[in-house]
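Below you'll find the structure, written out as structure tokens, and then a few comments.
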Amino acid sequence: MESNGGGGGSPKEAAVVVPSSGDATLGGHLARRLVQVGVSDVFAVPGDFNLTLLDHLIAEPGLRVVGCCNELNAGYAADGYARARGVGACAVTFTVGGLSVLNAIGGAYSENLPLICIVGGPNSNDYGTNRILHHTIGLPDFSQELRCFQPLTCYQAVVNNLDDAHDQIDRAISTAIRESKPVYISVSCNLPAVPHPTFSRDPVPYFLSPRLSNQASLHAALDATLAFLDKAVKPVLVAGPKLRVAKAGGAFVDLADASGYAVAAMPSAKGLVPETLPRFIGTYWGAVSTAFCAEIVESADAYLFAGPIFNDYSSVGYSCLLKKEKAVVVQPDRVTVGNGPAFGCVMMRDFLSELAKRVRKNTTAFDNYKRIFVPEGQLPECEAGEALRVNVLFKHIQRMIGGAEIGAVMAETGDSWFNCQKLRLPEGCGYEFQMQYGSIGWSVGALLGYAQAVQKRVVACIGDGSFQVTAQDVSTMLRCGQRSIIFLINNGGYTIEVEIHDGPYNVIKNWDYVGLVNAIHNGEGRCWATRVRCEEELEAAIATATGDKADSLCFIEVVAHKDDTSKELLEWGSRVSAANSRPPNPQ
């Protein structure tokens, strides 16, 4: 992390001197482009190579620079922002900042998020001089940072001269949006304030032509899919996480309505389709699915998966009982029917929309679901003062999100994945978690960015081990006046790792989390923190958070037993452990 950058700064706290020349500059062009594509907040950590660039970002009327406590959280915040707004941005300094933010960029790449990572680079005169600079690994080659970013970004722009700066910046930003992946833009520290005739004060807005389906391929895919589905007795429809990158959520809903099929969502697609759909049967997650959901999906004689990602986590250690020959797999630009044929250049949104117009209605799978469905039983009542159980906590969170205006629920890697999956989301309530990458600590920064983007109250469920990784940016939430509700589940360690493979390394030092948040608060901003150990205290805390403290950031530490986990985590952990511990294949 940049040693002089911790804490960040609000753009209104100090006067910024920007050249008064009537000519447009590189820094102004970059700032204006960010605004044009939908970025209102850039998450930043200052360092000597990016300070002049930050001056120009701050000077842009439609842009706010949000100072973060470290680069990793700035990257996570840009990730959360991109989930809500469709694009996010962060700004850091050369190498020490760039390598620190890199883990967050990897997560955004895995989750198909357009994220613009801006790095303040060396003075343009230093390139090719064989000089050794600070903030590097001590070699005169300045490309180490670039080489690290290349596998984790879809485009890299090193802007060290003004002649092609306009083209490089525009190409990078447009590529991020078109590919829905992160990009890297390095800007030499002596260039942001320099005017150049290729820049204009109000650049012509982007026109990014949408990718179009090949019509012949689209119609062939539709014919093959309809023939496949019409032969099925009890087909089902399953939403996958790539619905987001394909921007096909609305088309999926149209197909769900028209087809009559039972509808499920993969765990990483939760929140991408409304759970209020009339034939929604829950989360399909193999052996840890919503009750009766896996039975319906896996017994179907045809299933259409829209945008799936099948990895070891989503397949519960490769244990899902699915057959390729029964599946229609629709990816953002490709359709595969059974074992074949496959159809390229078919956009998912076009395909699902057209399929909805032609599909034959068939409610058999949902009718079967209604026959076998048994409502969940009631949780046992707690005795007065009894130690709080995690399932009781989530019973009250469910009631809270149903009765309060909540913009989204965010789940940190861990048992919150499984408990939050069981929450029934009300109309308009989003849901986010990082399943593909699974970087612990992600949710603190992502909560900051998501809440900044939506300007609504967001609920986050975070384990103590994850919180210890990224806790500092609760400070930035306060500076931004956010009103999120954080449930910190204190069970003394890395519970998800315990269920995969236990050892003393999964036990962590307990913190006074309420004391820490109060210290971060330090009387500045609106913040309320409390600790609960029983149901009565939890009910009172939620009533306060949604009542008297509704205008504040609320932090509720929930003390839980170290072995209090969801049954789904127990099952999932044992299956993932078995997958991880497979012996080597014979040589």
Side-chain angles (χ1 to χ4, degrees), residues 221-222 224-243 246 248-310 314-316 318-331 334-339 348-349 351-374 421-422 424-425 568:
L222 285 167
T225 300
L226 287 164
F228 185 87
L229 295 176
D230 284 349
K231 287 189 298 185
V233 175
K234 44 184 181 180
V236 298
L237 186 59
V238 185
K242 290 187 180 179
L243 278 175
F252 182 91
V253 170
D254 291 343
L255 178 58
D257 289 339
S259 67
Y261 296 175
V263 178
M266 298 182 75
S268 47
K270 186 177 176 70
L272 298 182
V273 295
E275 297 185 1
T276 51
L277 288 173
R279 285 173 291 276
F280 185 77
I281 63 173
T283 298
Y284 173 66
W285 199 353
V288 296
S289 299
T290 304
F292 307 103
C293 179
E295 291 82 356
I296 294 299
V297 172
E298 293 177 347
S299 67
D301 50 353
Y303 14 79
L304 188 151
F305 279 84
I309 295 177
F310 295 109
S314 67
S315 66
V316 196
Y318 309 113
S319 66
C320 288
L321 302 178
L322 299 173
K323 295 181 178 179
K324 185 178 179 182
E325 61 268 22
K326 293 183 178 182
V328 176
V329 177
V330 186
Q331 294 294 8
R334 190 173 186 83
V335 176
T336 303
V337 181
N339 288 319
M348 183 191 294
R349 183 164 53 180
F351 177 79
L352 297 181
S353 294
E354 291 301 315
L355 188 60
K357 297 174 185 176
R358 296 174 57 184
V359 70
R360 189 174 69 195
K361 195 157 193 170
N362 183 342
T363 63
T364 303
F366 186 69
D367 295 338
N368 290 344
Y369 170 79
K370 288 192 296 183
R371 291 186 190 99
I372 68 171
F373 176 75
V374 178
Q421 278 291 330
K422 292 182 278 189
R424 199 66 182 248
L425 301 176
E568 289 81 8

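Residue Leu243 holds its CG atom at 12.0 Å from CZ of Phe305, rounded to the nearest 0.5 Å. Atoms CG and NZ, on Asp301 and Lys323 in that order, are 11.0 Å from each other to the nearest 0.5 Å. In this structure, the separation between CG on Leu229 and CZ on Arg358 is 11.5 Å, given to the nearest 0.5 Å. Atom CZ in Phe310 sits 4.5 Å away from atom CE in Met266 (nearest 0.5 Å). Distance check: Leu304 CG to Leu352 CG gives 7.0 Å after rounding to the nearest 0.5 Å. Distance check: Phe228 CZ to Glu325 CD gives 8.5 Å after rounding to the nearest 0.5 Å.
Looking at Glu298 and Tyr284, their side chains come closer than 4.5 Å, going by heavy atoms from C-beta outward. By the 4.5 Å heavy-atom criterion applied to side chains, Pro308 and Gln331 are counted as neighbours. Residues Phe351 and Thr225 meet the side-chain proximity criterion, which asks for heavy atoms closer than 4.5 Å. No side-chain heavy atom of Phe366 sits less than 4.5 Å from a side-chain heavy atom of Pro278. Annotation: side chain of Glu568 is not in contact with side chain of Gln421 (no heavy-atom distance under 4.5 Å). Put simply, the side chain of Phe292 does not reach to within 4.5 Å of the side chain of Arg371, judged on heavy atoms.
Of the candidates Val330, Val328, Leu255, Leu355 forms a side chain to side chain contact (heavy atoms under 4.5 Å, CB included) with just one, namely Leu255.
Aromatic ring orientation, Phe373 versus Tyr369: tilted (interplanar angle from 30° to 60°).
Within 6.0 Å of the CZ atom in Arg279, the count of heavy atoms belonging to other residues, nucleotides or ligands exceeds 12.
Closest approach of Tyr261 to Asn362, counting heavy atoms only: CD2-O, 3.4 Å. When all heavy atoms of Ala365 and Pro235 are compared, the pair lying nearest together is CB-O, 3.5 Å. Smallest separation of non-hydrogen atoms from Ala256 and Val263: CB-CG2, 3.7 Å. Between Cys320 and Ser314, the closest heavy-atom pair is SG-O, 4.1 Å. Contact detail for Asp230 and Arg360: the closest heavy-atom pair is O-NH2, 2.9 Å. Nearest heavy atoms, Ala251 versus Ser353: CB-OG, 3.4 Å.
Under a 3.5 Å cut-off, the side chain of Thr290 and the backbone N or O of Thr283 do form a donor-acceptor pair.
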Passes side-chain contact (heavy atoms from CB on, under 4.5 Å), Lys270 versus Leu425? Steps please. CA-CA 9 Å; Lys270 186 177 176 70; Leu425 301 176; 4.2 Å; yes
Step-by-step side-chain contact (heavy atoms from CB on, under 4.5 Å) determination, Leu277 to Asp257: CA-CA 8 Å; Leu277 288 173; Asp257 289 339; 4.1 Å; yes
